[in-house]
2 protein chains.
Amino acid sequence: MAVRLDDLDRKILLELQRDGGQSLDDIAKSVGSSKTPVWNRIRKMRDGGVIKHQTYLLDAEALGFEACFFVLIRTSEHDAGWQGRFLNALKSRPEVLEAHRLAGDIDYILKVVVANARAYDTFYQALISEVKVHNVTALLSMEEIKSTTVLPMEVG
Amino acid sequence: MAVRLDDLDRKILLELQRDGGQSLDDIAKSVGSSKTPVWNRIRKMRDGGVIKHQTYLLDAEALGFEACFFVLIRTSEHDAGWQGRFLNALKSRPEVLEAHRLAGDIDYILKVVVANARAYDTFYQALISEVKVHNVTALLSMEEIKSTTVLPMEVG
DNA sequence: AGTGAAAAATATTAATC
DNA sequence: GATTAATATTTTTCACT
(Lines give C-alpha, C1' and ligand atoms only; values in the text may rest on other atoms or scores of the structure.)
Protein backbone atom coordinates (compact mmCIF):
# COMPACT_ATOMS: atom_id res chain seq x y z
CA MET A 1 0.00 0.00 0.00
CA ALA A 2 1.95 2.97 -1.27
CA VAL A 3 -0.31 5.87 -0.36
CA ARG A 4 -0.10 7.11 3.19
CA LEU A 5 -2.83 9.50 4.28
CA ASP A 6 -2.84 12.12 6.97
CA ASP A 7 -5.76 13.87 8.56
CA LEU A 8 -5.88 16.63 5.97
CA ASP A 9 -6.10 14.01 3.21
CA ARG A 10 -9.01 12.35 4.97
CA LYS A 11 -10.81 15.67 5.43
CA ILE A 12 -10.42 16.36 1.72
CA LEU A 13 -11.76 12.90 0.85
CA LEU A 14 -14.74 13.47 3.10
CA GLU A 15 -15.55 16.74 1.34
CA LEU A 16 -15.13 15.20 -2.11
CA GLN A 17 -17.50 12.39 -1.19
CA ARG A 18 -20.00 14.70 0.47
CA ASP A 19 -20.19 17.07 -2.51
CA GLY A 20 -18.07 16.37 -5.55
CA GLY A 21 -19.08 19.58 -7.27
CA GLN A 22 -17.36 21.99 -4.91
CA SER A 23 -14.56 24.23 -6.10
CA LEU A 24 -11.05 23.81 -4.77
CA ASP A 25 -11.48 27.10 -2.95
CA ASP A 26 -14.50 25.80 -1.08
CA ILE A 27 -12.78 22.55 -0.17
CA ALA A 28 -9.65 24.41 0.93
CA LYS A 29 -11.77 26.62 3.17
CA SER A 30 -13.65 23.65 4.67
CA VAL A 31 -10.50 21.75 5.51
CA GLY A 32 -8.51 24.78 6.65
CA SER A 33 -5.92 24.86 3.92
CA SER A 34 -5.42 26.58 0.58
CA LYS A 35 -5.90 25.68 -3.04
CA THR A 36 -2.54 24.34 -4.16
CA PRO A 37 -1.93 21.81 -1.37
CA VAL A 38 -5.47 20.55 -1.70
CA TRP A 39 -4.98 20.15 -5.43
CA ASN A 40 -1.65 18.37 -5.00
CA ARG A 41 -3.14 15.98 -2.48
CA ILE A 42 -6.12 15.21 -4.68
CA ARG A 43 -3.82 14.45 -7.58
CA LYS A 44 -1.64 12.26 -5.38
CA MET A 45 -4.67 10.31 -4.17
CA ARG A 46 -6.04 9.97 -7.67
CA ASP A 47 -2.71 8.70 -8.99
CA GLY A 48 -2.36 6.41 -5.98
CA GLY A 49 -5.75 4.84 -6.65
CA VAL A 50 -7.40 5.99 -3.42
CA ILE A 51 -9.78 8.07 -5.54
CA LYS A 52 -11.23 5.72 -8.13
CA HIS A 53 -13.43 8.07 -10.06
CA GLN A 54 -15.87 10.90 -10.16
CA THR A 55 -19.53 10.40 -10.91
CA TYR A 56 -23.06 11.73 -10.73
CA LEU A 57 -25.63 9.83 -8.67
CA LEU A 58 -29.11 9.75 -10.17
CA ASP A 59 -32.57 9.17 -8.78
CA ALA A 60 -33.39 5.62 -9.90
CA GLU A 61 -37.14 5.98 -9.39
CA ALA A 62 -37.29 9.22 -11.36
CA LEU A 63 -35.74 7.29 -14.24
CA GLY A 64 -38.29 4.50 -14.01
CA PHE A 65 -36.25 1.95 -12.05
CA GLU A 66 -38.88 1.07 -9.52
CA ALA A 67 -37.62 -2.34 -8.41
CA CYS A 68 -34.48 -3.25 -6.50
CA PHE A 69 -33.74 -6.90 -5.66
CA PHE A 70 -31.07 -8.50 -3.55
CA VAL A 71 -30.45 -11.94 -4.96
CA LEU A 72 -28.95 -14.72 -2.84
CA ILE A 73 -27.38 -17.51 -4.86
CA ARG A 74 -26.27 -20.99 -3.86
CA THR A 75 -24.45 -23.15 -6.36
CA SER A 76 -23.19 -26.69 -6.41
CA GLU A 77 -20.64 -26.03 -9.15
CA HIS A 78 -17.37 -24.55 -8.07
CA ASP A 79 -15.03 -25.32 -10.95
CA ALA A 80 -13.15 -22.56 -12.69
CA GLY A 81 -15.06 -22.87 -15.96
CA TRP A 82 -18.44 -22.38 -14.33
CA GLN A 83 -17.18 -19.51 -12.22
CA GLY A 84 -15.73 -17.75 -15.23
CA ARG A 85 -19.00 -18.00 -17.15
CA PHE A 86 -20.97 -16.83 -14.13
CA LEU A 87 -18.73 -13.81 -13.60
CA ASN A 88 -18.93 -12.85 -17.25
CA ALA A 89 -22.71 -13.12 -17.14
CA LEU A 90 -22.83 -10.75 -14.15
CA LYS A 91 -20.36 -8.26 -15.57
CA SER A 92 -22.10 -8.07 -18.92
CA ARG A 93 -25.53 -7.34 -17.44
CA PRO A 94 -26.07 -3.67 -16.60
CA GLU A 95 -28.98 -4.48 -14.26
CA VAL A 96 -26.45 -6.02 -11.86
CA LEU A 97 -25.07 -3.04 -9.96
CA GLU A 98 -23.24 -5.11 -7.36
CA ALA A 99 -22.02 -8.67 -7.07
CA HIS A 100 -20.09 -10.24 -4.21
CA ARG A 101 -18.69 -13.70 -3.61
CA LEU A 102 -19.51 -14.67 -0.05
CA ALA A 103 -18.19 -16.80 2.76
CA GLY A 104 -20.63 -19.36 4.16
CA ASP A 105 -23.46 -21.37 2.70
CA ILE A 106 -24.75 -18.63 0.40
CA ASP A 107 -22.22 -18.27 -2.39
CA TYR A 108 -23.11 -14.95 -4.04
CA ILE A 109 -25.20 -11.87 -3.45
CA LEU A 110 -26.30 -9.52 -6.22
CA LYS A 111 -27.97 -6.15 -6.20
CA VAL A 112 -30.20 -5.89 -9.25
CA VAL A 113 -32.03 -2.72 -10.29
CA VAL A 114 -34.79 -2.98 -12.89
CA ALA A 115 -37.96 -1.21 -14.00
CA ASN A 116 -40.37 -3.70 -12.39
CA ALA A 117 -40.90 -7.28 -11.26
CA ARG A 118 -41.45 -8.45 -14.82
CA ALA A 119 -38.08 -7.06 -15.87
CA TYR A 120 -36.51 -8.90 -12.94
CA ASP A 121 -38.05 -12.14 -14.11
CA THR A 122 -36.66 -11.59 -17.60
CA PHE A 123 -33.23 -11.02 -16.10
CA TYR A 124 -33.55 -14.07 -13.87
CA GLN A 125 -34.65 -16.41 -16.66
CA ALA A 126 -31.80 -15.23 -18.87
CA LEU A 127 -29.26 -15.70 -16.09
CA ILE A 128 -30.28 -19.25 -15.11
CA SER A 129 -30.46 -20.29 -18.75
CA GLU A 130 -26.87 -19.14 -19.18
CA VAL A 131 -25.37 -20.64 -16.01
CA LYS A 132 -26.66 -23.38 -13.76
CA VAL A 133 -27.30 -22.35 -10.14
CA HIS A 134 -28.53 -24.58 -7.35
CA ASN A 135 -30.76 -22.19 -5.42
CA VAL A 136 -31.84 -18.58 -5.85
CA THR A 137 -33.66 -16.35 -3.38
CA ALA A 138 -34.76 -12.88 -4.43
CA LEU A 139 -35.36 -10.26 -1.75
CA LEU A 140 -37.47 -7.37 -2.99
CA SER A 141 -36.78 -3.94 -1.54
CA MET A 142 -39.94 -2.14 -0.47
CA GLU A 143 -38.16 0.98 0.67
CA GLU A 144 -34.66 2.35 0.49
CA ILE A 145 -34.07 3.54 4.03
CA LYS A 146 -30.53 4.67 3.50
CA SER A 147 -28.14 4.86 0.59
CA THR A 148 -24.73 6.46 0.58
CA THR A 149 -21.35 6.01 -1.03
CA VAL A 150 -19.55 7.90 1.74
CA LEU A 151 -17.11 5.64 3.58
CA PRO A 152 -17.09 5.84 7.40
CA MET A 153 -13.74 7.63 7.70
CA GLU A 154 -12.68 9.17 10.94
CA VAL A 155 -11.10 12.60 10.92
CA GLY A 156 -9.46 14.39 13.79
CA MET B 1 -42.85 13.37 -11.91
CA ALA B 2 -42.49 16.60 -13.87
CA VAL B 3 -39.24 15.87 -15.72
CA ARG B 4 -39.63 14.24 -19.09
CA LEU B 5 -36.43 12.92 -20.64
CA ASP B 6 -35.56 12.41 -24.25
CA ASP B 7 -32.77 10.38 -25.74
CA LEU B 8 -30.25 13.22 -25.61
CA ASP B 9 -30.94 13.63 -21.89
CA ARG B 10 -30.31 9.94 -21.31
CA LYS B 11 -27.07 10.07 -23.29
CA ILE B 12 -25.91 12.97 -21.15
CA LEU B 13 -26.81 11.11 -17.95
CA LEU B 14 -24.88 8.09 -19.15
CA GLU B 15 -21.79 10.20 -19.75
CA LEU B 16 -22.11 11.94 -16.38
CA GLN B 17 -22.36 8.60 -14.62
CA ARG B 18 -19.55 7.05 -16.61
CA ASP B 19 -17.13 9.91 -15.93
CA GLY B 20 -18.29 12.82 -13.82
CA GLY B 21 -15.07 14.76 -14.39
CA GLN B 22 -15.50 15.43 -18.10
CA SER B 23 -15.84 18.95 -19.43
CA LEU B 24 -19.06 20.11 -21.04
CA ASP B 25 -17.22 20.20 -24.34
CA ASP B 26 -16.30 16.54 -24.07
CA ILE B 27 -19.83 15.54 -23.11
CA ALA B 28 -21.28 17.63 -25.92
CA LYS B 29 -18.97 15.92 -28.36
CA SER B 30 -19.83 12.42 -27.07
CA VAL B 31 -23.56 12.98 -27.32
CA GLY B 32 -23.47 14.89 -30.59
CA SER B 33 -24.55 18.29 -29.37
CA SER B 34 -22.93 21.50 -28.17
CA LYS B 35 -22.15 23.09 -24.85
CA THR B 36 -25.15 25.28 -24.09
CA PRO B 37 -27.94 22.74 -24.69
CA VAL B 38 -26.02 20.15 -22.69
CA TRP B 39 -25.60 22.61 -19.87
CA ASN B 40 -29.27 23.62 -19.92
CA ARG B 41 -30.34 20.00 -19.82
CA ILE B 42 -28.03 19.18 -16.94
CA ARG B 43 -29.41 22.10 -14.97
CA LYS B 44 -32.97 21.06 -15.74
CA MET B 45 -32.28 17.51 -14.58
CA ARG B 46 -30.54 18.72 -11.46
CA ASP B 47 -33.40 21.05 -10.59
CA GLY B 48 -35.90 18.32 -11.40
CA GLY B 49 -34.21 15.89 -9.01
CA VAL B 50 -33.14 13.35 -11.63
CA ILE B 51 -29.54 14.17 -10.79
CA LYS B 52 -29.22 13.83 -7.03
CA HIS B 53 -25.62 14.75 -6.54
CA GLN B 54 -22.06 14.63 -7.62
CA THR B 55 -19.45 12.62 -5.77
CA TYR B 56 -16.08 10.91 -5.80
CA LEU B 57 -15.92 7.14 -5.38
CA LEU B 58 -13.01 5.91 -3.30
CA ASP B 59 -11.18 2.60 -2.99
CA ALA B 60 -12.46 1.18 0.29
CA GLU B 61 -9.61 -1.30 0.70
CA ALA B 62 -6.96 1.36 0.10
CA LEU B 63 -8.54 3.26 2.99
CA GLY B 64 -8.42 0.25 5.30
CA PHE B 65 -12.02 -0.91 4.97
CA GLU B 66 -11.31 -4.55 4.41
CA ALA B 67 -14.65 -6.04 5.45
CA CYS B 68 -18.04 -5.73 3.80
CA PHE B 69 -21.06 -7.48 5.31
CA PHE B 70 -24.59 -7.91 4.08
CA VAL B 71 -26.80 -8.21 7.13
CA LEU B 72 -30.21 -9.92 6.97
CA ILE B 73 -32.53 -8.94 9.79
CA ARG B 74 -35.78 -10.50 10.97
CA THR B 75 -37.76 -8.77 13.68
CA SER B 76 -40.88 -9.60 15.65
CA GLU B 77 -41.61 -5.98 16.51
CA HIS B 78 -43.40 -3.95 13.93
CA ASP B 79 -44.84 -1.04 15.86
CA ALA B 80 -44.04 2.53 14.85
CA GLY B 81 -41.93 3.28 17.93
CA TRP B 82 -39.59 0.36 17.34
CA GLN B 83 -39.31 1.12 13.64
CA GLY B 84 -38.49 4.76 14.32
CA ARG B 85 -35.70 3.84 16.72
CA PHE B 86 -34.34 1.23 14.33
CA LEU B 87 -34.28 3.67 11.41
CA ASN B 88 -32.55 6.31 13.50
CA ALA B 89 -29.96 3.78 14.58
CA LEU B 90 -29.20 2.88 10.97
CA LYS B 91 -29.11 6.46 9.73
CA SER B 92 -26.82 7.60 12.49
CA ARG B 93 -24.23 4.87 11.88
CA PRO B 94 -21.80 5.70 9.09
CA GLU B 95 -20.77 2.04 8.70
CA VAL B 96 -24.23 1.37 7.26
CA LEU B 97 -23.93 2.38 3.63
CA GLU B 98 -27.25 0.92 2.57
CA ALA B 99 -30.43 -0.16 4.30
CA HIS B 100 -33.59 -1.50 2.71
CA ARG B 101 -36.92 -2.61 4.11
CA LEU B 102 -37.88 -5.84 2.38
CA ALA B 103 -40.94 -7.77 1.35
CA GLY B 104 -41.09 -11.36 2.63
CA ASP B 105 -39.85 -13.09 5.73
CA ILE B 106 -36.59 -11.18 5.99
CA ASP B 107 -37.48 -7.67 7.09
CA TYR B 108 -34.33 -5.66 6.42
CA ILE B 109 -31.04 -5.90 4.60
CA LEU B 110 -28.04 -3.73 5.40
CA LYS B 111 -24.73 -3.22 3.68
CA VAL B 112 -22.09 -2.55 6.32
CA VAL B 113 -18.51 -1.56 5.54
CA VAL B 114 -15.91 -1.73 8.31
CA ALA B 115 -12.19 -2.18 8.84
CA ASN B 116 -12.39 -5.83 9.91
CA ALA B 117 -14.50 -8.53 11.54
CA ARG B 118 -13.86 -7.15 14.99
CA ALA B 119 -15.21 -3.74 13.94
CA TYR B 120 -18.29 -5.48 12.59
CA ASP B 121 -18.83 -7.18 15.92
CA THR B 122 -18.59 -3.85 17.71
CA PHE B 123 -21.17 -2.41 15.35
CA TYR B 124 -23.41 -5.44 15.76
CA GLN B 125 -23.29 -5.42 19.56
CA ALA B 126 -24.07 -1.70 19.65
CA LEU B 127 -26.99 -2.14 17.27
CA ILE B 128 -28.69 -5.01 19.08
CA SER B 129 -28.24 -3.30 22.42
CA GLU B 130 -30.06 -0.28 21.03
CA VAL B 131 -32.94 -2.05 19.30
CA LYS B 132 -34.30 -5.54 19.75
CA VAL B 133 -34.15 -7.75 16.67
CA HIS B 134 -35.36 -11.32 16.40
CA ASN B 135 -32.77 -12.83 14.10
CA VAL B 136 -29.63 -11.58 12.39
CA THR B 137 -27.58 -13.24 9.67
CA ALA B 138 -24.35 -11.65 8.51
CA LEU B 139 -23.00 -12.52 5.08
CA LEU B 140 -19.32 -11.72 4.69
CA SER B 141 -18.09 -10.63 1.28
CA MET B 142 -14.94 -12.42 0.21
CA GLU B 143 -14.63 -10.61 -3.09
CA GLU B 144 -16.33 -7.69 -4.78
CA ILE B 145 -16.99 -9.06 -8.25
CA LYS B 146 -18.75 -5.98 -9.55
CA SER B 147 -19.61 -2.57 -8.20
CA THR B 148 -21.13 0.28 -10.15
CA THR B 149 -23.49 3.19 -9.61
CA VAL B 150 -24.39 3.39 -13.31
CA LEU B 151 -28.09 2.70 -13.85
CA PRO B 152 -29.01 0.37 -16.74
CA MET B 153 -30.44 3.09 -19.00
CA GLU B 154 -31.17 2.40 -22.61
CA VAL B 155 -30.24 5.00 -25.18
CA GLY B 156 -31.15 5.03 -28.84
C1' DA C 1 5.16 21.37 2.12
C1' DG C 2 2.44 25.88 1.90
C1' DT C 3 1.33 30.73 -0.17
C1' DG C 4 0.00 33.78 -3.69
C1' DA C 5 0.02 35.15 -8.33
C1' DA C 6 -0.26 34.10 -13.27
C1' DA C 7 -1.84 31.27 -17.12
C1' DA C 8 -4.88 27.94 -19.16
C1' DA C 9 -9.09 25.72 -19.31
C1' DT C 10 -13.83 25.52 -18.30
C1' DA C 11 -18.45 26.89 -16.85
C1' DT C 12 -22.02 30.18 -17.29
C1' DT C 13 -24.55 33.87 -19.32
C1' DA C 14 -26.08 36.52 -23.12
C1' DA C 15 -26.92 37.61 -27.86
C1' DT C 16 -28.11 35.88 -32.36
C1' DC C 17 -30.15 33.05 -35.60
C1' DG D 1 -34.19 25.24 -29.28
C1' DA D 2 -29.17 25.47 -31.30
C1' DT D 3 -24.80 28.21 -32.23
C1' DT D 4 -21.50 31.35 -31.42
C1' DA D 5 -19.40 34.81 -28.77
C1' DA D 6 -18.43 37.24 -24.27
C1' DT D 7 -17.73 37.02 -19.35
C1' DA D 8 -16.91 34.92 -14.94
C1' DT D 9 -15.04 31.09 -12.36
C1' DT D 10 -12.18 27.63 -11.60
C1' DT D 11 -8.36 24.66 -12.42
C1' DT D 12 -3.58 24.12 -13.04
C1' DT D 13 1.04 25.66 -13.15
C1' DC D 14 4.82 28.25 -11.43
C1' DA D 15 7.84 31.16 -8.68
C1' DC D 16 8.81 32.19 -3.99
C1' DT D 17 8.99 31.21 0.92
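As the structure is a computational prediction, the values presented were derived from the model and not from experiment. Chain A is the first sequence line, chain B the second, and so forth, proteins listed ahead of strands; every chain is numbered from 1.
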In plain terms, say whether B:Asp7 and B:Arg10 are close enough for a salt bridge, that is, a side-chain N and a carboxylate O under 4.0 Å apart.
yes
Do NZ/NE/NH1/NH2 and the carboxylate oxygens of B:Arg41 and B:Asp6 come within less than 4.0 Å?
yes
Which is true for A:Thr36 with a 4.0 Å heavy-atom rule: it touches a base, it touches only sugar-phosphate, or it touches nothing?
base
Does the side chain of A:Trp39 get closer than 4.0 angstrom to OP1 or OP2 of D:dT11 through an N or O atom?
no
Ignoring backbone atoms, test whether A:Arg43 places a side-chain nitrogen or oxygen under 4.0 Å from the OP1 or OP2 oxygen of D:dT13.
yes
Interatomic distance where NZ belongs to A:Lys44 and P belongs to D:dT12 [whole Å]
17 Å
Does B:Ser34 place a side-chain N or O at less than 4.0 Å from the phosphate oxygens OP1/OP2 of D:dA2?
no
Using the side chain to side chain contact (heavy atoms under 4.5 Å, CB included) definition, which of the options B:Val38, B:Val31, B:Leu13 pairs with B:Leu8?
B:Val31
Chain B footprint on DNA chain C, 5' to 3' - any atom under 4.0 Å from a heavy atom:
C:dT10 to C:dA14
Take the protein atom CZ of B:Arg4 and the nucleotide atom C1' of D:dG1, then report the distance between them rounded to whole Å.
19 Å
Taken to the nearest whole Å, CG/B:Leu24 to C1'/D:dT7 is 16 Å
Heavy-atom nearest nucleotide on DNA chain C taken for A:Lys35 and for A:Arg41; more 5' hit belongs to A:Arg41
Measure the acute angle between the ring planes of B:Phe70 and A:His100, then classify it against the limits of 30° and 60° as parallel, tilted or perpendicular.
perpendicular
Here the distance between atom P of D:dC14 and atom CG of A:Asn40, to the nearest Å, is 12 Å
Looking at B:Glu130 and B:Arg93, does any basic side-chain N land under 4.0 Å from a carboxylate oxygen?
yes
Results of side-chain hydrogen bond (donor to acceptor under 3.5 Å, both in side chains) for B:Asp26 - residues two or more places apart only
B:Ser23
